[in-house]
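The analysis underlying the following values was restricted to heavy atoms, covering all of them including side chains, and did not include hydrogens, waters or symmetry mates.
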Amino acid sequence: MQREKIKQLLCWVSVAACMTAIFCFSARTADESAAQSGTLLGILQRIFGDNLFTDFIVRKSAHFLEFAGLAFLFNLALHCRTKRLHPFLSILFTSLYAVTDEIHQLFVEGRACRIGDWGIDTAGALAGTVGFLVLFATASKIISAKNGEIIDRTDNL
């Protein structure tokens, strides 16, 4: 029982840590954000050339990946808490956090609130949830095969 509570706590602390990291990234001014993505941008510019499209890819990929990770962690935390899968709640919670992230950027120098960024964040949430579900189904099949059982985990959806 105590071990289960510790596991749940660690899952929710991971969600909070990811949300905190996203908040901190969003709190950086436009110049600070540009400097942060400069290394990756430099590599991509050497490969694809120096253009605005390359910069766009780096910035939007960051949005997508941050929120994919958050959705993955929401799925994990909700499953740890309830022993059921909650893909729609995970996407909803992540998308709502993306809204607050965009609003937060209104108050940061050089940053803006963009509906397109929220859409990319929500697409990331969907991808993170799909990734979690695929990993969960795969792990369930491996564990079932190892134990010699046949268990249908789709009833948790």
Side-chain angles (χ1 to χ4, degrees), residues 1-30 32-34 36-37 40-41 55-157:
M1 185 69 162
Q2 185 67 15
R3 187 177 205 182
E4 194 63 30
K5 291 208 181 277
I6 291 171
K7 188 166 96 173
Q8 288 177 24
L9 178 65
L10 289 174
C11 286
W12 286 108
V13 165
S14 296
V15 169
C18 186
M19 292 171 84
T20 301
I22 291 170
F23 180 88
C24 290
F25 290 139
S26 292
R28 293 182 177 173
T29 66
E32 291 169 335
S33 180
Q36 178 185 2
S37 57
L40 180 58
L41 185 57
D55 183 55
F56 177 83
I57 296 278
V58 169
R59 292 188 178 282
K60 300 315 169 191
S61 295
H63 273 270
F64 185 88
L65 292 172
E66 287 172 341
F67 286 90
L70 180 59
F72 187 95
L73 293 172
F74 263 127
N75 276 284
L76 182 62
L78 288 167
H79 182 265
C80 283
R81 176 75 174 101
T82 66
K83 304 300 179 228
R84 295 183 54 92
L85 297 174
H86 299 280
F88 299 110
L89 273 180
S90 298
I91 293 167
L92 176 66
F93 291 163
T94 304
S95 184
L96 289 173
Y97 189 70
V99 169
T100 68
D101 180 58
E102 290 304 314
I103 292 169
H104 168 232
Q105 289 181 48
L106 282 172
F107 303 99
V108 178
E109 181 184 330
R111 304 294 292 268
C113 176
R114 293 189 173 91
I115 290 177
D117 285 349
W118 167 77
I120 291 169
D121 299 344
T122 300
L126 179 62
T129 296
V130 168
F132 176 84
L133 294 174
V134 167
L135 189 63
F136 182 84
T138 303
S140 294
K141 287 185 189 285
I142 291 169
I143 291 167
S144 296
K146 182 179 175 187
N147 294 334
E149 305 169 4
I150 298 175
I151 298 175
D152 182 12
R153 294 290 184 185
T154 58
D155 61 331
N156 285 335
L157 292 173

Worksheet item: In Å, rounded to the nearest 0.5 Å, how long is the span from OG1 of Thr129 to CG of Leu89?
Response: 10.0 Å
Response to the item:
Nearest heavy-atom contact between Cys18 and Gly69 is SG-C, 4.4 Å
Discussion item. Determine whether Leu78 and Ser90 satisfy the following criterion, side-chain contact (heavy atoms from CB on, under 4.5 Å), listing intermediate values before the conclusion.
Written reply: CA-CA 8 Å; Leu78 288 167; Ser90 298; 3.5 Å; yes
Fill in: Residue list, salt bridge (charged side-chain N to carboxylate O under 4.0 Å, His left out) with Asp117, at least two apart or on another chain
Lys60
Discussion item. Could you go through Glu66 and Asp121, starting from their C-alpha distance and side-chain angles, then the distance that decides it, and tell me whether this counts as side-chain contact (heavy atoms from CB on, under 4.5 Å)?
Written reply: CA-CA 8 Å; Glu66 287 172 341; Asp121 299 344; 5.7 Å; no
Worksheet item: Nearest 0.5 Å, what's the CZ-CD1 distance between Arg114 and Ile120?
Response: 10.0 Å
Item to complete: Kindly determine whether Arg111 and Glu32 satisfy side-chain contact (heavy atoms from CB on, under 4.5 Å), including the steps that lead there.
Response: CA-CA 11 Å; Arg111 304 294 292 268; Glu32 291 169 335; over 6 Å; no
Fill in: Atom CH2 of Trp12 with >12 non-hydrogen neighbours under 6.0 angstrom
yes
Item to complete: May I ask you to decide if the ring planes of Tyr97 and Phe67 are parallel, tilted or perpendicular, using 30° and 60° as cut-offs?
Response: tilted
Discussion item. Looking at Gln105 and Cys113, would you say the former's side chain and the latter's main chain have a donor-acceptor pair under 3.5 Å?
Written reply: no
Worksheet item: Should Glu4 and Lys83 count as an ion pair when the cut-off is N to O under 4.0 Å?
Response: yes
Worksheet entry | Criterion side-chain contact (heavy atoms from CB on, under 4.5 Å) on His104 and Thr100, from CA distance to verdict | CA-CA 6 Å; His104 168 232; Thr100 68; over 6 Å; no
Fill in: Met19 vs Phe93 side-chain heavy atoms within contact, under 4.5 Å
no
Response to the item:
Separation between CG (Asn75) and OG1 (Thr94), nearest 0.5 Å, reads 7.5 Å
Discussion item. Looking at every heavy atom in both Ser26 and Val108, which two are closest together, and how far apart are they?
Written reply: O-CG2, 3.4 Å
Practice prompt. Check whether any side-chain heavy atom of Leu85 lies under 4.5 Å from a side-chain heavy atom of His79, and answer yes or no.
Written response: yes
Worksheet item: Taking atom SG of Cys11 and atom CZ of Arg81, what is their separation to the nearest 0.5 Å?
Response: 12.0 Å
Discussion item. Working to the nearest 0.5 angstrom, can you tell me the gap between Phe136 CZ and Leu76 CG?
Written reply: 10.0 Å
Fill in: Contact summary for Ala127 and Phe64, nearest pair of heavy atoms
CB-CZ, 3.4 Å
Item to complete: Find the distance between NE2 (His86) and CD1 (Ile91) and round it off to the nearest 0.5 Å.
Response: 13.0 Å
Worksheet entry | Crowding at CG, Leu106 (>12 non-hydrogen neighbours, <6.0 Å) | yes
